[in-house]
Peer 1: 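Once you've had a glance at the structure underneath, I'll fire off some questions.
Source: prediction; values computed, not measured.
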Amino acid sequence: MVVPVSNPPLSRNPISLAGAWLTTLAAFAFLGYMLAEWLGLFHNPYSGLLGFVAIPAVFALGLAIIPFGIWRESRRRRRGQTAWQWPTVDFGVRRTRVGIALLTLLTIVNVTLVAVAGFGATHYMETTEFCGQVCHGPMKPEATAHSAYAHAKIACVSCHVGPGAGGMIRAKMNGTRQLYLLATGGYARPIPVPAHGLPPSAGTCENCHTPGHPDKDLVRTTREYADDEANTETVNEVVLYMARNHWHARADITVEYVATDAVRETIPYVKLTDATGRVTEFFAPKTTAVPAGTPRRMDCLDCHTRPAHSFAPTAEIAVDRAIAAGQIPRSLAFVRRETVAALKGAYADEAAASAAIRKRLTDFYASRTAPPTDLARAIDGASRVYATNVFPQMKITWGTYLSQMGHTQMTGCFRCHDDEHKTRDGQRVIKQDCGLCHKEQ
């Protein structure tokens, strides 16, 4: 015979027991997650949202519920109410057995559905469609540019979410702020350059690219076209010494600097630590001490400032590229001149631009002999160039977003290589010697 306990512990109440169950289940779930991560079953950056945020949150919630239940049970007993007792479950009754079996089955089904839905949601949140279309409508320009260049098959989260739980949490905190701006319409137009918002390249770029490579020389060819009737072509070739260009990112070299503006255009101080450990400091004119600010170690993103969201700096360059790629037929007389003029117009939106481009080119070639297929290609090519570079609703036009790669769009290399950054004794200088990086063919 079992003698009932007259004064059971305060923790024996339904609320505290539910908290204990939550805490226990969360603990086992966390151990399971860590095992799965150790086995390499998770490749999604957002999986950390489950393992390091959701599961610990449930664990903490369970811990918080336990003392709340104790406090509530203590109040009940002080009021003279009897202690809570376990309900009597008689498995000898068929109805009870059926009920317990149904409850167990439905619990398994519900847990499975929630797990599958959670995994699906986590996977969907890492897709480019979610980042560029569903969640970030104002990011249409970036999504459009991303789809047109070499990183098109690289998911947004591969570059915009740093490694580990810390990177994921920082990205989600920033995403929460962006969601608020999206809901209130308070986002900037155009979106400012995130010079300080991207994860270090060590946890993103270097997952695919090895610092310091390629070390072989590359030949870069550019084609320009004149505004004459024949769209006369000029071909320029330069050899890039990649070993020297990528010297700044070598593992045994540390280049640090302090910038005095948000876009890192003005750099008055540079610190070099070479492979032997020797430190050399360079100062811009009128800079006598290390300026205030956090030193930044130079990495890929200091030159490759728009690696996956590139826009043509001018309409002329965009048209030259389109002609060189065969998207706009060079055989049409004055096609370069007329297309550039059409693209420089001010239009309310993409539809108005497309209509205006079509009208200008159609009217111009109406009095000339122009094959219909070539004219159609020119109109389509010009409209595509506009649609991938100009976005009136976001106030993005030619030259809004420039790159520090090289020194043709922004100061680029010449931020430091200007023959004016010198050591204190003036014996060493960061040279502005073109031959350091490339030579003309």
Peer 1: Tabulate below the donor-acceptor pairs under 3.5 Å that side-chain atoms of residues 315-333 make, not counting sequence neighbours, or state none.
Peer 2:
unit_1	atom_1	unit_2	atom_2	d
E316	OE2	K344	NZ	2.5
D320	OD1	Y225	N	3.4
D320	OD1	R336	NE	3.0
D320	OD1	R336	NH2	3.4
D320	OD2	R336	NH2	3.1
R330	NE	N231	O	3.1
S331	OG	D374	OD2	3.3

Peer 1: Given I191, which of K395, H309, M139 fulfils the side chain to side chain contact (heavy atoms under 4.5 Å, CB included) condition?
Peer 2: M139
Peer 1: Is atom CZ of R72 surrounded by more than 12 heavy atoms (other residues, nucleotides or ligands) closer than 6.0 Å?
Peer 2: no
Peer 1: Atom NE2 in H248, atom CG in D302: separation rounded to 0.5 Å?
Peer 2: 10.0 Å
Peer 1: Would you compute the distance between atom CG of N245 and atom CG of L218 and round it to the nearest 0.5 angstrom?
Peer 2: 9.0 Å
Peer 1: What's the separation between atom CG in D380 and atom CG in L361, rounded to the nearest 0.5 Å?
Peer 2: 11.5 Å
Peer 1: Which atoms form the tightest heavy-atom contact between A382 and L343, and what is the distance?
Peer 2: O-CD2, 3.4 Å
Peer 1: For the side chain of S74 and the backbone of I70, is there at least one donor-acceptor N/O pair under 3.5 Å apart?
Peer 2: no
Peer 1: According to side-chain hydrogen bond (donor to acceptor under 3.5 Å, both in side chains), does anything in residues 397-407 pair up with another residue at least two apart or in another chain? List the pairs.
Peer 2: E265-Q404
Peer 1: Residues in side-chain contact (heavy atoms from CB on, under 4.5 Å) with S354, at least two apart?
Peer 2: S383
Peer 1: Tell me, do I267 and V258 make a side-chain contact under 4.5 Å, heavy atoms counted?
Peer 2: no
Peer 1: Between N389 (side chain only) and V385 (backbone N and O only), is there a donor and an acceptor less than 3.5 Å apart?
Peer 2: yes
Peer 1: Can you check whether K431 reaches L436 side chain to side chain, under 4.5 Å on heavy atoms?
Peer 2: yes
Peer 1: Can you check side-chain contact (heavy atoms from CB on, under 4.5 Å) on L22 and F59, steps first, answer last?
Peer 2: CA-CA 6 Å; L22 279 178; F59 184 88; over 6 Å; no
Peer 1: Does a side-chain heavy-atom distance below 4.5 Å link F311 with T388?
Peer 2: no
Peer 1: Is the shortest heavy-atom distance from the side chain of L272 to the side chain of I253 under 4.5 Å?
Peer 2: yes
Peer 1: For the residue pair S310 and Y149, what are the closest heavy atoms and their distance?
Peer 2: O-CE1, 3.3 Å
Peer 1: Quick check against the 3.5 Å criterion: does H438 have a side-chain atom that pairs as donor or acceptor with the backbone of Y241?
Peer 2: no
Peer 1: If we ignore hydrogens and angles and just use 3.5 Å, is the side chain of N236 paired with the main-chain N or O of T222 as donor and acceptor?
Peer 2: no
Peer 1: Hey, does the side chain of H146 reach the backbone of I154 with a donor-acceptor pair shorter than 3.5 angstrom?
Peer 2: yes
Peer 1: The criterion is side-chain contact (heavy atoms from CB on, under 4.5 Å); which residues satisfy it with T294, sequence neighbours excluded?
Peer 2: none
Peer 1: Run the side-chain contact (heavy atoms from CB on, under 4.5 Å) test on V390 and I396 for me, step by step, so that the C-alpha distance in whole Å, both residues' side-chain angles and the decisive distance to 0.1 Å come before the verdict.
Peer 2: CA-CA 6 Å; V390 182; I396 295 175; over 6 Å; no
Peer 1: Taking all non-hydrogen atoms of both residues into account, name the closest pair between D349 and P392 and its distance.
Peer 2: CA-CG, 4.0 Å
Peer 1: side-chain hydrogen bond (donor to acceptor under 3.5 Å, both in side chains): which pairs involve residues 15-30, sequence neighbours left out?
Peer 2: N13-S16
Peer 1: Quick check: closest heavy atoms across P141 and P138, and the distance to 0.1 Å?
Peer 2: CD-O, 3.4 Å
Peer 1: Whether D228 and R337 form a salt bridge (side-chain N of Lys/Arg under 4.0 Å from carboxylate O of Asp/Glu) is what I want to check.
Peer 2: no
Peer 1: Working to the nearest 0.5 Å, report the span between CG of L17 and CD1 of I65.
Peer 2: 11.5 Å
Peer 1: Listing request: all ring-ring contact (aromatic ring centres under 6.0 Å, His included) pairs with a residue in residues 320-375, at least two apart in sequence or in separate chains.
Peer 2: Y347-Y386
Peer 1: Taking the six-membered ring of Y187 as reference, does the cationic atom of R189 (NZ for Lys, CZ for Arg) lie under 6.0 Å from its centre and within 45° of its axis?
Peer 2: yes
Peer 1: Between V161 and T204, which heavy-atom pair has the shortest distance, and what is it?
Peer 2: O-CG2, 4.3 Å
Peer 1: Is there side-chain contact between M298 and C303, with heavy atoms separated by less than 4.5 Å?
Peer 2: yes
Peer 1: Is it true that a side-chain atom of R415 and a backbone atom of R264 form a donor plus acceptor pair closer than 3.5 Å?
Peer 2: yes
Peer 1: One pair to check against side-chain contact (heavy atoms from CB on, under 4.5 Å): E224 and E233. What are the steps and the verdict?
Peer 2: CA-CA 6 Å; E224 300 177 355; E233 182 182 66; over 6 Å; no
Peer 1: Partners of D419 by salt bridge (Lys or Arg N to Asp or Glu O under 4.0 Å), sequence neighbours excluded?
Peer 2: none
Peer 1: With sequence neighbours excluded, what pairs up with D274 under the side chain to side chain donor-acceptor pair (under 3.5 Å) test?
Peer 2: T276, R278
Peer 1: Of all heavy-atom pairs between P307 and H151, which one has the smallest distance, and what is that distance?
Peer 2: O-ND1, 3.2 Å
Peer 1: Please report the C-alpha distance between R360 and E338 in whole Å, then the side-chain angles of each, then the deciding distance to 0.1 Å, and finally whether the salt bridge (charged side-chain N to carboxylate O under 4.0 Å, His left out) criterion is met.
Peer 2: CA-CA 8 Å; R360 181 181 180 105; E338 294 303 309; 3.3 Å; yes
Peer 1: So, taking the atom named CZ in R76 and the one named CG in L10, what distance separates them when rounded to the nearest 0.5 Å?
Peer 2: 10.5 Å
Peer 1: When the side chains of residues 279-292 are checked against the rest of the protein, which donor-acceptor pairs come out under 3.5 Å, sequence neighbours left out?
Peer 2:
unit_1	atom_1	unit_2	atom_2	d
T280	OG1	R428	NH1	3.1
E281	OE2	Y269	OH	2.5
T287	OG1	A284	O	3.4

Peer 1: Rounded to the nearest 0.5 Å, how far does OG1 of T411 lie from NE2 of H417?
Peer 2: 13.0 Å
Peer 1: Looking at side-chain heavy atoms only, is the closest gap between L240 and C437 below 4.5 Å?
Peer 2: no
Peer 1: Mind checking side-chain contact (heavy atoms from CB on, under 4.5 Å) for R297 and listing every partner two or more places apart, or none if nothing turns up?
Peer 2: T254, E256
Peer 1: Just jot down the side-chain contact (heavy atoms from CB on, under 4.5 Å) partners of C205, sequence neighbours excluded, or say none.
Peer 2: S201, C300, L301
Peer 1: For R358, is the CZ atom crowded, meaning more than 12 foreign heavy atoms sit under 6.0 Å from it?
Peer 2: no
Peer 1: Mind checking side chain to side chain donor-acceptor pair (under 3.5 Å) for D363 and listing every partner two or more places apart, or none if nothing turns up?
Peer 2: K359
Peer 1: Atom CZ of residue position F414 - does it have more than 12 heavy atoms of other residues, nucleotides or ligands inside 6.0 Å?
Peer 2: yes
